[in-house]
Amino acid sequence: MVTIRIRDHVTQASSYDDGQIIFGLIAKKVAAGDTVEVSFEGINAVPSAFVNAAFVQLLEVAPIEKVRERLRISDSTRFINELIKNRFDFVSRHTPHTA
Amino acid sequence: MIRDVWKRQQSVTLPSNFNLGTMRRFIGEAMDAQAEQNVRSIAFDFSKLTFIEPVGVVALSNTIEHFSRKGVKVYFNNHGQRTNGNKYLDDAGFFKRYLKKQVFEESRPRSSTVPLVLFKANAYIPYLFRELMPWISNEVKMSTDTLETIRTCLEEVFHNIEYHSGVDTGCAFAQFFPKEERIRIAVSDFGVGIPTQVRTKVPVLNDQDCLRKAIEEGFTTKSNVNNRGAGLNNLIRYVTMRNSGTVLIHSGKGNLSATPSATGGTSVTSRDEGWVYPGTLVHVVLRTDTLDRLEDDIEKEVFQW
C-alpha cells in the first residue's frame with residue numbers, strides 16, 4: 001500500500017489543479033489494483049473542486065466499487081469525510097450501473 | 001481611471017441608503033441612462049449617499065467596471081461632500097481605487113471592514129488566505145484553522161467566478177456588524193452571468209429558474225473541465241444548515257435567496273426582477289453567534305465508505 005500525504009505535494013488543497021496533482025499520483029495505482037492511502041494530515045477542509053479532481057475523477061479509471069476498495073482516506077475531519085462521501089454517493093446514484 | 005471632473009453627460013444619483021433593496025433602482029437607472037441614448041459617458045452623483053452596505057460597495061464597483069468594459073467613461077460628482085456615505089466609501093478604499101487618491105485626508109481602513117479589492121479570478125488565493133480569513137479570524141476571535149470550513153465555502157464562490165464567469169476579474173468587500181452578530185461578504189464578477197451559462201445547457205429556462213438550476217447538486221454547464229456541479233450547492237448547504245447564515249445570488253434578472261428552514265434544511269426562494277445585474281453577485285451573510293458549532297466539523301474522524 002502506498003501512502004500519499006497531500007501536504008507533501010500541494011501548498012493548498014484548494015483548486016481543481018491541486019486535486020489534479022493528487023489524482024496524478026494515485027490514478028494509475030488505483031487502476032492497477034493497488035491500494036492507496038491519502039492522508040489529509042494538516043488539512044481541516046477542502047472545497048468540492050479539489051475532491052472532484054482528486055477523487056471523483058477516479059471513477060474514470062475504475063468502477064466505484066473498486067475505488068471504494070482501493071482508496072483509503074486518513075487523518076481527515078468530519079467535514080472532509082462528509083464531502084467525499086456525498087460526492088461519491090451523488091455520482092453513484094446518478095451513474096447507470098452495468099452488468 | 002475614473003474622472004472626477006464634471007462634464008455634460010447622463011447623471012444617475014446614488015440612493016441615500018445603498019443596500020440590496022435600492023441597488024436595483026440604481027443599476028437599472030444607470031443601465032437605462034447609458035443605453036437609451038448610447039452615451040459614451042455617465043456621471044454618478046454621490047451627494048445623497050448617507051449609508052452603503054457591503055453589497056452596495058461591490059454593486060457600485062461592478063457597475064463601474066461594466067461601463068469601463070463597454071468603453072463608457074464614468075465620472076463622479078459630489079463625492080467630496082462630507083457625508084457618512086462618502087466617508088465610508090473613502091475608508092473602504094473605493095475612491096482610492098477609482099480616482100487613484102483618497103478624497104478625505106484622514107480616511108483610513110476601518111477595522112470592521114476589509115477594503116474593496118479587485119482580484120484576478122485565478123489569483124484569489126492571496127486575498128482569501130492572507131486578507132479575508134485572517135480578518136474574520138481576528139474579528140470573531142477564532143483561529144483560521146477552525147474557520148477552514150468557512151474558507152472552503154468562500155472558495156466555492158471564487159471558483160465559480162474562475163471557472164464559469166468567462167472573465168478574469170471580480171471584486172469583493174466584507175464588513176463585520178458586531179451588534180447584529182453578522183459578517184457580510186459580497187463578491188461579484190463582471191462576467192456573462194449564471195443564466196447565460198445555464199441556458200447553454202437548458203435554453204428554455206428564465207433567469208430565476210437558471211439560478212435554481214445552477215445550485216442543484218450535479219448540474220453542470222461543463223463550461224470548464226474543472227466543473228462538476230457541486231460548488232454553489234456545497235456553499236449554500238453549509239452556510240444555511242451549519243452556520244444558519246444566508247446566501248443571496250443576483251445574476252441577470254434572477255434573484256435567489258437561500259436561508260435556513262425551520263426543519264434544519266435550506267429554504268430557497270427565487271424571482272425575476274425588472275432589471276439586470278451585469279454579471280453575478282453573491283452575498284454571503286455569516287452568523288458569528290453560531291460559528292462555534294463549526295468546531296465539530298474539523299474534528300478528526302475515521303473515514304468509512
Side-chain angles (χ1 to χ4, degrees), chain A residues 10-20 23 35-60 64-95, chain B residues 121-126 128-130 133 142-164 216-220 222 224-238 241-243 293-305:
Chain A
V10 294
T11 308
Q12 272 117 13
S14 171
S15 65
Y16 193 93
D17 291 341
D18 295 331
Q20 192 69 27
F23 174 77
T35 299
V36 180
E37 178 178 306
V38 178
S39 167
F40 278 85
E41 187 182 337
I43 300 169
N44 288 332
V46 290
S48 59
F50 179 85
V51 170
N52 288 338
F55 306 123
V56 178
Q57 199 179 188
L58 289 171
L59 301 177
E60 294 171 10
I64 193 163
E65 315 83 60
K66 299 297 180 190
V67 172
R68 284 178 167 149
E69 274 176 29
R70 298 167 190 167
L71 176 64
R72 296 185 184 171
I73 304 293
S74 63
D75 305 313
S76 54
T77 61
R78 185 177 300 173
F79 181 90
I80 291 169
N81 291 351
E82 283 188 16
L83 182 59
I84 294 172
K85 284 187 282 191
N86 283 346
R87 295 300 299 135
F88 273 89
D89 286 348
F90 179 83
V91 173
S92 65
R93 286 199 310 273
H94 292 82
T95 303
Chain B
N122 62 358
Y124 66 86
I125 292 281
L128 181 62
F129 281 68
R130 294 177 210 151
M133 293 314 300
M142 294 174 74
S143 73
T144 52
D145 287 350
T146 307
L147 295 167
E148 269 188 57
T149 57
I150 291 296
R151 191 204 71 220
T152 61
C153 285
L154 295 174
E155 283 186 88
E156 305 287 11
V157 181
F158 291 102
H159 286 162
N160 195 58
I161 295 174
E162 181 180 3
Y163 300 148
H164 307 302
E216 280 180 15
E217 183 175 10
F219 174 76
T220 172
K222 292 199 183 298
N224 185 300
V225 68
N226 306 345
N227 175 355
R228 283 173 186 264
L232 289 177
N233 180 276
N234 203 36
L235 163 77
I236 285 173
R237 280 167 52 96
Y238 195 75
M241 294 167 68
R242 294 294 296 150
N243 176 249
R293 286 185 205 161
L294 309 185
E295 290 180 0
D296 294 344
D297 297 330
I298 59 165
E299 281 183 7
K300 293 294 178 191
E301 181 187 79
V302 175
F303 182 88
Q304 292 180 314
W305 286 109

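Here the structure is a predicted model, which means the values were calculated and not measured. Proteins get letters first, then strands, A, B, ... in listed order; numbering begins at 1 in each.
Residue contact with chain A, scored on non-hydrogen atoms closer than 4.5 Å, involves the backbone and the side chain of B:D145 alike. Contact of A:F88 with chain B is made through the side chain alone, with heavy-atom distances under 4.5 Å. No part of B:R242 comes within reach of chain A, as not one of its non-hydrogen atoms sits under 4.5 angstrom from that chain. When heavy atoms are compared at a cutoff of 4.5 Å, A:D89 does not approach chain B at all. Only the side chain of B:I125 comes within contact range of chain A, with at least one heavy atom under 4.5 Å from a heavy atom of that chain. Contacts of A:L83 with chain B are made by side-chain atoms alone, with heavy-atom separations under 4.5 Å and no backbone atom involved. For chain B, the nearby parts of A:S15 are the backbone and the side chain; heavy atoms of each come within less than 4.5 Å. Proximity to chain A (any heavy atom under 4.5 Å) is restricted, for B:Y238, to the side chain, taken from C-beta onward. Interface remark: A:Q20 contributes no atoms to any contact with chain B (heavy atom separation under 4.5 Å).
Using non-hydrogen atoms only and a strict 4.5 Å limit, the part of residues 298-305 of chain B facing chain A consists of B:I298, B:E299, B:K300, B:E301, B:V302, B:F303, B:Q304, B:W305.
We find the OG-CG distance between A:S14 and B:L128 to be 7.5 Å, quoted to the nearest 0.5 Å. Rounding to the nearest 0.5 Å gives a distance of 8.5 Å between CZ of A:R87 and CG of B:N234. Distance check, rounded to the nearest 0.5 Å: CZ of B:R237 to CD of A:E82 gives 8.5 Å. Note that CG of A:N44 and CG of B:D297 are 10.5 Å apart. Values are rounded to the nearest 0.5 Å.
The minimum heavy-atom distance between B:E148 and A:A45, with the atom names listed, is OE1-N, 3.3 Å. The two atoms that bring A:P47 and B:H159 nearest to each other are CG-CE1, 3.7 Å, heavy atoms only.
A:F50 places none of its side-chain heavy atoms less than 4.5 Å from the side chain of B:T152.
Atom CZ of A:R72 has 12 or fewer heavy atoms from other residues, nucleotides or ligands within 6.0 Å.
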